[in-house]
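Below is one structure, written out as C-alpha cells, with a few remarks after it.
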Amino acid sequence: MSRSLKGTLAVVAGGAVVATAAVALAQTDTSTATPTASTSGDLKTDIDNILTDSRLNGASIGVIVRNAKTGAVLYDRGSGTQEIPGSNNKIETSTAAFGLLGAGYRFRTTVSTRGGNLYLKGTGDPTTRGADYDKLAAAVRAKGIKKIKGNLVADDTWFDQQFTPPGWDPSDLSYSYAAGISALNVSPDDVFDAGSIGVTITPGAEGKPVKVTLNPPTSVVKIVDRATTGKAGTGSTVSVDRTGGTNTIVVTGSYPANGGKEDHLSTVPNPTQYAADVFRRALKAHGVTVVGATKRAATPKGAKTVTTRRSMPLSQLATPFLKLSNNQIAEILTKAIGRQAYNKGTRAAGIAGISRYLKTLGVDTTQVKQTDGSGLSRTNKTTPRQASVILKAVQTKPWFSAWYNALPIAGQPDKLVGGTLAARMKGTPAAGNVHAKSGTLTGVTALSGYVKDDTGQPLIFSIMFNGYQGGAPKDIEDKIAVRLAAGTSAAAQNTVRKTTAGNGGNLECSWTKGKAKSC
C-alpha cells in the first residue's frame, strides 16, 4: 500500500497521502449489485460459478482451497500458474522473518563516541520517530556531553545504500508506499511509514498562502509553497508533490480559510541524511553542540557507547506491517534477513535467505521468483499452490499465533485489527473469521489466508487474479471466502447470496492518477 490506511483514512490526492475522515478515494469495484447466484452445496460447483464473472474473462485465474489440518486439496483451479502476487509477497517475507530472525527480534540504534566524533549507528529500525531521536539526544546530554569537537557521523553500513529496489516504478518514488529505506530511518507517524515526512497544511488569511509545517522538522527537504487560502466553505484542492530526483516538495492548490489541518506524506530521497539531520537538530535542542559536519562512515572499533535504543519486538511490529501492508517494513526485514543469513545487508542476500527458508517449509522455490520484500515490483512471481504450502507449514511454528493474529481480519473496523480487510465481508460468516493477506497492483489482486467453515473446520485458501477487466474484483475474492466460511449450513449459505459485492469503504489501496499503485 502507500498504503491507504492511516490513522483515519488515507488517500492519494494529487500525489500525496492525505489523512482524512471525510474523504476516501479508496479502490472500488465495478459492480455494486448484490450477488444473486445460488449456492448448490457443492464447493467446486459454487466456486466455479463465482469465477464465471465476466470481469475475469481473459484473466489468469489461480485458486486453491485446502484442509488446514491435513493439507488435502478441496478445490483447485490454475493453482500452479505463476502470478504476480502484489503484497501476497509479504507472506514469504514475514514468515521468513519470524523463522530466521525470531519473534523477539529487535532493531538497535546506538550512539557512541570516538576520536572526537559522535556516531549514530542504525540497524534498520522502522519505528524510530522524531521523538525517539530527541530521547537519544537527551541521553547524550545527560551523560554530560555538551560539545562534540569533531563530526556527527551517520553509520548506515549495516545495510547497503540501495534505498529502493531497482524494479520499482520511478514515478512511484515520491509516494509514501514507495519510500526508500536505510539502516537509519525516520518514521513520521505511529504506523511507521519509514522514509516519509509529514506535511501539514493549515489555512492562512483568505487569498494568502497556506501555512506548511513538516513533521518532524528537517532542512533536508525544501518546501515551495504555491498553495493559496480559499474562501471559507470551499473544498481542498491541495496537492503535495516531490519533484522526481530532488529534495523539493511543491505544495499547490487551494485550502479553505475555515479548514483545520490536512496531513500529507511525502518521501525523502536519502533516509540516512534525513535521520542524521533530525538527530542533529535534537542534539542542538538539548544543548549539545556539534562543531564539525555531518558525514557518513562506519563506527570504528573501540567506540564508546553513550546510549542505545531498541525497537519493539517483531511479534509486535508484525501488526502494523501486515495489517497495513507496510512496504518499508518488508524491505527492511528483507535486508535484516540478509544480515542474519549471510552477514550482508543487501536485498539480494535477504531474498536468498528467504528462499532458503521457504525450502525448509516444503516450498518449490523454482516456482517462486522474489525480487523485493514487499511485492510492489511487478517482477515478483509465485503460485497460489506455493502460497498454500507456506500457510500449511507455518501452523506448527511456535510463532504462528503472533503471525496469524497480525494478518488482516475481515470486517473488523479497527485499523490495527481489520487492516486492509476492515471494510470487507461485513455481516457475513467470514467477518471476524477470515485472517488473510491481501495484495493489489494495477491488474493484480490476491487474497490468501485462513477461514473456518460452519463446523469449525479450518481451511487454507489462496486466490490470485492477474489481467482482469476494469477495477480490482475484490468482491469475487470475498464471495469465495464467504462461501468457504458458510460451509454446508443452509442458513449460512443464504448469507452468501446477500453478500455485498462492492467494496464500499475498502481501505486497502491507494490510487494515483486512476491507477492502484500499492497494497
Taken to the nearest 0.5 Å, the spacing of K474 NZ from I463 CD1 works out to 10.0 Å

Could you check if a side-chain atom of F192 sits within less than 4.5 angstrom of a side-chain atom of L317, using non-hydrogen atoms only?
yes

Pick one: which of T110, T157, D155, T305 meets side-chain hydrogen bond (donor to acceptor under 3.5 Å, both in side chains) with T299?
D155

Is a donor from one side chain sitting under 3.5 angstrom from an acceptor on the other, for D277 and T218?
yes

Please work out which of the three classes, parallel, tilted or perpendicular, describes the rings of Y175 and Y177, given edges at 30° and 60°.
parallel

Flag the pair N326 / K90 as yes when at least one side-chain heavy-atom distance between them is below 4.5 Å, and no otherwise.
no

So, N380 side chain and T371 main chain: donor-acceptor pair closer than 3.5 Å or not?
yes

Are the side chains of N247 and V220 in contact, using a 4.5 Å heavy-atom criterion?
no

Parallel, tilted or perpendicular: which describes the rings of F279 and Y133, with under 30° parallel and over 60° perpendicular?
tilted

Ignoring hydrogens and geometry, is there a side-chain-to-backbone donor-acceptor pair from N151 to N117 under 3.5 Å?
no

Please check if the side chain of T267 supplies one atom and the backbone of L173 the other of a donor-acceptor pair under 3.5 Å.
yes

Report yes if the side chains of W403 and I91 come closer than 4.5 Å at any heavy-atom pair, otherwise no.
yes

Side-chain donor or acceptor of D372 paired with backbone N/O of S377 under 3.5 Å:
yes

Please check this pair: side chain of K323 against backbone of L407, looking for a donor-acceptor N/O pair closer than 3.5 Å.
yes

Quick check: do F159 and P271 have side-chain heavy atoms less than 4.5 Å from each other?
no

In terms of side-chain heavy atoms, does T127 have a donor or acceptor partner in R106 at a distance below 3.5 Å?
no

Can T272 and Q161 be said to form a side-chain hydrogen bond (donor to acceptor under 3.5 Å, both in side chains), step by step?
CA-CA 9 Å; T272 300; Q161 284 199 296; 5.0 Å; no

